*Asks:* 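A single structure is presented below for examination.
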Amino acid sequence: MAMIVEVVHGRSGEVRQRVRVEAFPFAIGRALDNALVLDDPHVDARHARLVQEEDGALVVEDLGSVNKLATATHPLAERIRVRPGTEITVGRTTLRFRDDSEAVPPAIPLHRSAADAAGPQRWHQRTTVRLALSAAALALIALHGWLDNYERAGATQALLLALGVTVLSLGWAGVWAAVARAVIGQFRFVTHLFITLVIAVAAMAYTSLSGWAEFLLPSLGILGGIEVAANLALLAVAIAWHLANASSLSARRRWRAGATTSAVVLALIGLFALADDEPFTDVPEFSAVIKAAPVAIVPKASVAEFGAELAALKAEVDALRSEAAR
Amino acid sequence: MRRAVGAVGALMLLASPGLMAQQPEAEGALPKIATSTVFARYSDHILKIQVMETASNAKASIGTGFFVSADGLMVTNFHVIAERIHEPDNYRVEVVDRDGTAHAAEVVALDVVHDLAVLRTGMASPRFFTLGSTAPRQGDRLYSLGHPSDLGLSIVEGTYNGNLRHTLYPKIHFTGSINPGMSGGPTITEGGRVVGVNVSTMGEQRSFLVPEAQVSALVASVRAPGFTPPSDFLAEMTAQLTDYQREYLNALFEGEDKMVEVGAFRVVTEPAAVFRCWGGAERGEDLRYEQLWHRCATDDEVFIAGDQSSGVVSIVHEALESKGLNAIRFAKLYSDRFANDNTPSGDEKHVTPWKCSTRNVAAAGGTPMRAVLCLRALKKLEGLYDAVLKVAVLGNGGNGLVSTLTLAGASFDNIERLTARYLERVSWR
């Protein structure tokens, strides 16, 4: 194993320079006789050096520079232990250490013929399979729409729902395909459509499952919090999965992007929740879900157990009453 | 076109002689004494009451009151001065004399169940009504006085139609136009005897009076030696409402319940003689289901404030039957009907938000059902609550029943007992 030092552009994350560490100490600075020369006015002529300690650990030592060394957690460090993956900042330049034996992802094929030649695809990666599965997902959504209403024109409404979902999914997949074309030079439209519909079906399945949980175990209450968490998780998965087909980001960075998006949405939800001062309502909130289940499988409380709930409700409304009186 | 106009003209012409023909008959029924004489004799017994909002110094609502003693005791409806009781810091009561001068007045007694209040005005009132029982016959002419919509003291003729038969607490049915603002005014005979106090109307001359006997009782309590006004009127109201319920709610669902078939279900109906039930159905070619409803409620509504009432008990049964919906689609319909909010409305000033608990419940050997119990407290009347118990019978395939019991302004004991009885004793088939 040998260590590689990458000089990373701060904003784009683009690697500007890649240097193999051939010998220790490995000098870093602005002067031209350093092993790694950095064109950064905030870097000293002899800024730092990379040395190997007796136990084999690699350490970057500051050589009494003006701006010292920095990591994400220590803005003014003098000694930093580094291993593959570590990022440090010297002046305004970011250095990333990597192991030269690290595996890299396979090349992205430029053409369909290249893609076929790159090796046999797994069955679910085939375009025809993905199209078929997308159609099946739409059919499932339509069926769900039909079962979820009791109007005479139920079939029409179900078809309209499926049509609406199709149009939205085509739009969403289209945006990702455009991004993919710009970044990796391929549209991969069918893949993005497939991802969109899989996520939509997952969201639908989740809603259905939580409805069943609410019906069978009403004492859990309305699972609002879990609902938000589940939808945010689905959003993170969707973003990461789309990115896998629209960029050459590493898996870690893709997941980070997904998690960041979810976090931003969560923050927005929180902001709206804070802004909303819960207006008074005289409409009761309760779980009214009834599912078509054989009564034998439904856990049932006795009348006495249910009656005991009344005392708890009394305590709650009495507390609200005295709170209002203050 | 011309023909149509001609036809309308003919109708109007036909109608007018009809009215004229009735004129002599109506004249024959007129009393010996003219209405103007009644007005001239008694109008100085009656004054306008206004409830002033203290910060804006303008009237928030108006009503009517009448003197029942020479030292300025005045009778009106509780609902006329209710804001003063609920928010004594924000409202005060004034009585406006015939010159337009306002005099401060204080509430000294109230009977919330019968919607009456007694005010002490501090004015000398040599002209007042002497209370005492009268025995009008159905059809007797009566005169109602008051200040409709602040338009000035008015007199309205109408007829006595006896006590309502379906209410636990007596109310006189008066056929005459009582309008907002006349509340608290008296309805009298031509001889100046008070028959009742104007209290409410259903419109189109269907008006209601609080009988004189209740007025006499309340005034007598004020005039009794050693009387002091209650120090806390809200506590007094709570006590009166609690007493009232003891009589009203105790017997519900206790004996043999009267049962009725609603669709595929057998349900309780008319739990007491004071309940009146109405029904209806919703079916049609464009519906994939049939909906029947059967609703029982009392008319003994006790005014607490604005849109808050007490003593209201209602039962609503809604039966659903699938007409070609499969089990999953029917369950969706059932959920929506169960979720449908039919709870009484409420103002933040007077009630807390609802708190609810939902369970799937089965009585021993009974029908499994989804049941939800919602409770809210009346903020100003400690110890009184509104409660709603709603159940949906499970496991009947394409048939469903949503049944709701609503109790408004009831004590916790009553709510506990009645909801438990309703769940246990009411059998669903």
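All of these numbers come straight from a predicted model, not from anything done at the bench. For the numbers below, each heavy atom of this structure counts, side chains included, while hydrogens, waters and symmetry mates do not. Residue numbers begin at 1 in each chain, while the letters A, B, ... track the order of the sequences.
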*Asks:* Given that the side chain runs from C-beta out, which part of B/A392 has a heavy atom under 4.5 Å from chain A: side chain, backbone, both or neither?
*Replies:* side chain
*Asks:* Relative to chain A, which segment of B/F330 carries a heavy atom at a distance below 4.5 Å: side chain, backbone, both, or neither?
*Replies:* neither
*Asks:* Quick one: do A/W172 and A/H192 satisfy side-chain hydrogen bond (donor to acceptor under 3.5 Å, both in side chains)? Show the steps, please.
*Replies:* CA-CA 8 Å; A/W172 178 254; A/H192 286 296; over 6 Å; no
*Asks:* With chain A, which of B/N326, B/T419, B/L389 has the greatest number of heavy-atom pairs at distances under 4.5 Å?
*Replies:* B/N326
*Asks:* Heavy-atom pairs under 4.5 Å with chain B are the metric here; pick the option from A/V283, A/T281, A/L216 that has the most.
*Replies:* A/V283
*Asks:* To check you understand the geometry: which heavy-atom pair defines the closest contact between A/L234 and A/I199, and what is its length?
*Replies:* O-CD1, 4.0 Å
*Asks:* Please check: side-chain N/O of B/R84 versus main-chain N/O of B/Y91, any donor-acceptor pairing under 3.5 Å?
*Replies:* yes
*Asks:* For chain B, which candidate among A/D148, A/I290, A/V303 shows the most heavy-atom pairs at distances under 4.5 Å?
*Replies:* A/I290
*Asks:* I'd like to know which of B/A371, B/C374, B/G395 tops the heavy-atom pair count under 4.5 Å against chain A.
*Replies:* B/A371
*Asks:* As an exercise: rank B/A339, B/A327, B/S357 by heavy-atom pairs under 4.5 Å with chain A and give me the winner.
*Replies:* B/S357
*Asks:* Counting heavy-atom pairs under 4.5 Å to chain A, which of B/S322, B/G324, B/A387, B/S335 comes out on top?
*Replies:* B/S335
*Asks:* Where the side chain of B/R376 meets the backbone of A/V317, is there a donor-acceptor pair that is under 3.5 Å apart?
*Replies:* no
*Asks:* Report yes or no: do A/S219 and B/R359 form a side-chain donor-acceptor pair below 3.5 Å?
*Replies:* no
*Asks:* One thing to verify: whether B/D286 and A/R152 come together as a salt bridge, which I'm taking to mean a side-chain N less than 4.0 angstrom from a carboxylate O.
*Replies:* no
*Asks:* If you measure from the Lys or Arg side-chain nitrogens to the Asp or Glu carboxylate oxygens, is any gap between A/E151 and B/R288 under 4.0 Å?
*Replies:* no
*Asks:* For the interface with chain B, which of A/K300, A/K314, A/K291 has the highest count of heavy-atom pairs at distances below 4.5 Å?
*Replies:* A/K314
*Asks:* Heavy-atom pairs under 4.5 Å with chain A are the metric here; pick the option from B/P368, B/A362, B/G397 that has the most.
*Replies:* B/A362
*Asks:* Tell me, side chain or backbone of A/P299 under 4.5 Å from chain B's heavy atoms, or both, or neither?
*Replies:* backbone
*Asks:* Can you tell which part of A/V295 gets under 4.5 Å to a heavy atom of chain B, answering side chain, backbone, both or neither?
*Replies:* side chain
*Asks:* For chain A, find which of B/V388, B/I415, B/D336 contributes the most heavy-atom pairs closer than 4.5 angstrom.
*Replies:* B/D336
*Asks:* In this structure, is the centre-to-centre distance between the rings of B/Y289 and B/Y334 below 6.0 Å?
*Replies:* no
*Asks:* If we check side-chain contact (heavy atoms from CB on, under 4.5 Å) with B/S411, which of these qualifies: B/E416, B/R417, B/Q245?
*Replies:* B/Q245
*Asks:* Select one option (side chain, backbone, both, neither) describing which atoms of B/L325 are under 4.5 Å from chain A's heavy atoms.
*Replies:* side chain
*Asks:* Using non-hydrogen atoms and a 4.5 Å limit, figure out which bit of B/R370 sits close to chain A: side chain, backbone, both or neither.
*Replies:* side chain
*Asks:* Here's a test for you: under side-chain contact (heavy atoms from CB on, under 4.5 Å), which of A/I141, A/T166, A/L138 qualifies with A/L161?
*Replies:* A/I141
*Asks:* So what's closer than 4.5 Å to chain A heavy atoms on B/K390: side chain, backbone, both or neither?
*Replies:* side chain
*Asks:* Identify which part of B/T343 has an atom lying under 4.5 Å from any heavy atom of chain A, answering side chain, backbone, both or neither.
*Replies:* side chain
*Asks:* Taking B/K323 first and then B/E321, would you say they form a salt bridge - that is, a charged N and a carboxylate O separated by under 4.0 Å?
*Replies:* yes
*Asks:* Find the one option among A/P284, A/A153, A/A296 whose heavy-atom pairs under 4.5 Å with chain B are most numerous.
*Replies:* A/P284
*Asks:* Between B/E87 and B/K349, does any side-chain N to carboxylate O distance fall below 4.0 Å?
*Replies:* yes
*Asks:* Taking side chain as everything from C-beta outward and backbone as N, CA, C, O, which of these in B/F412 sits under 4.5 Å from a heavy atom of chain A? Side chain, backbone, both or neither.
*Replies:* side chain
